[in-house]
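Below: the structure, in structure tokens.
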Amino acid sequence: MIPRVLWITGARGLIGSYLFGQAALLWPQCRVVAVGRPELDLTEHTRVRDQFLADSPSAVIHCAAISRSPICQADPALARRHNVDVTRHLAELAAGIPLVFFSTDLVFDGTQGHYTEDDSPNPRLIYAETKVEAEQIVRTHEQHLIIRTSLNYGHSDTGTRSFNEEMVTAWRQGRTLKLFTDEFRSPIAATETARAVLELLERNATGTVHVAGTERVSRWELGQLLAARHPEVQPRIEPSSLRDFTGPPRPADVSLKCSRAEQLLGRPLPRFRDWIAQAEPLR
Ligand SMILES: NC(=O)c1ccc[n+]([C@@H]2O[C@H](COP(=O)([O-])OP(=O)(O)OC[C@H]3O[C@@H](n4cnc5c(N)ncnc54)[C@H](OP(=O)(O)O)[C@@H]3O)[C@@H](O)[C@H]2O)c1
């Protein structure tokens, strides 16, 4: 069902901005409300409730989060306040209407790869722990849809939010990127994520659904694909291995299987390599 009023939290973030743009375009009959900073801090629960009652949304897509793992790792209490408490409050407010919650491939420990929705999460990072906690809360909501996605490619308002923007900026600054040949994700373009999620919402899908690229790609391969798209910044990459990494835990293979999404959508999700081959390069 197409909602009459759709709340999108984090609508100025990477994925939220694609959702906002596509919902406004595809669903002209729907009032799409961008909820978030700077107008409204979602941790201010009284103001959020007042705004919710005033807008009276008929569906909520909750994208807002502290999505940078290092920030969560450095301040777990801040991460829980934003990623867990805010989600709990929104789930309470959204009782009786569909609630779409964005989670991550990083809920898995990365020892297995090709994870399905039936595999058990085992988070290794604070960011992922907060997502697992939030998923558990959202699962008690009658009309929940939990979307687990992977690295999203796209263009953001700040030019700093996506992995591709980070890499191209580094190359522009003349830096050489060391990229793991043994760390795997399932990258997808944010425009494809947004399209799939809106279709799933329209089809009243519920439960947990993986929405990601249907190809397992290493950081190194991702760097090669991007480098080929951006010869103008003279990309420089060097292969490296997780075995030599000494920072916080990095799950090795959190690639996702997306057959449930494909079945619900009635179409395949793209392989990242195919998608990027036909896309206009982002500047
Ligand atoms: N992008 C990916 O590759 C990826 C992969 C897996 C999962 N996800 C998940 O998908 C969702 C969307 O990701 P994204 O990449 O679009 O994230 P993003 O670019 O970091 O955007 C998140 C947005 O939420 C806002 N926000 C955070 N806390 C807020 C608060 N207390 N009040 C109001 N707004 C707040 C942020 O505002 P500020 O900028 O002002 O902080 C930002 O606009 C997130 O839940 C993320 O964890 C993303």
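Counting starts at 1 for both ligands and their atoms, following the listed order.
Heavy-atom distances between Y127 and ligand 1 reach below 4.0 Å in at least one pair. The shortest separation from a heavy atom of V86 to ligand 1 is not under 4.0 Å, leaving the residue out of contact. For the pair R81 and ligand 1, no heavy-atom separation below 4.0 Å is found. Assignment of S103 to the shell around ligand 1 is supported, since a heavy atom sits closer than 4.0 Å. Within the 4.0 Å heavy-atom shell around ligand 1 one does not find V35.
Ring pair H89/H45 is parallel by interplanar angle, where below 30° counts as parallel and above 60° as perpendicular.
The ligand atoms of ligand 1 that sit less than 4.0 angstrom from a heavy atom of T43 are 31 (N). Listed by number with element, the atoms of ligand 1 under 4.0 angstrom from any heavy atom of C63 are 11 (C), 12 (C), 44 (C), 45 (O). Taking a cut-off of under 4.0 Å to the non-hydrogen atoms of L151, the atoms of ligand 1 that pass are 3 (O).
Residue contacts with ligand 1: R37 is placed with a nitrogen or oxygen under 3.5 Å of a nitrogen or oxygen of the ligand (distance criterion only).
Both tests do not hold together for R219 against F180: distance to the six-membered ring centre under 6.0 Å, angle to the ring axis within 45°.
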Practice problem: Might you work through the side chain to side chain contact (heavy atoms under 4.5 Å, CB included) test for E183 and F245, ending with a clear yes or no? | Solution: CA-CA 11 Å; E183 182 182 290; F245 181 71; over 6 Å; no
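The closest donor-acceptor contact from the side chain of H230 to the backbone of E232 lies at 3.5 Å or more, if one exists at all.
With a heavy-atom cut-off of 4.0 Å, R161 touches ligand 1 through its side chain alone.
Two residues are said to be in side-chain contact when any heavy atoms from C-beta on lie closer than 4.5 Å; L198 and I61 meet this criterion.
Ion pairing between R88 and D85 holds under the 4.0 Å rule for side-chain N and carboxylate O.
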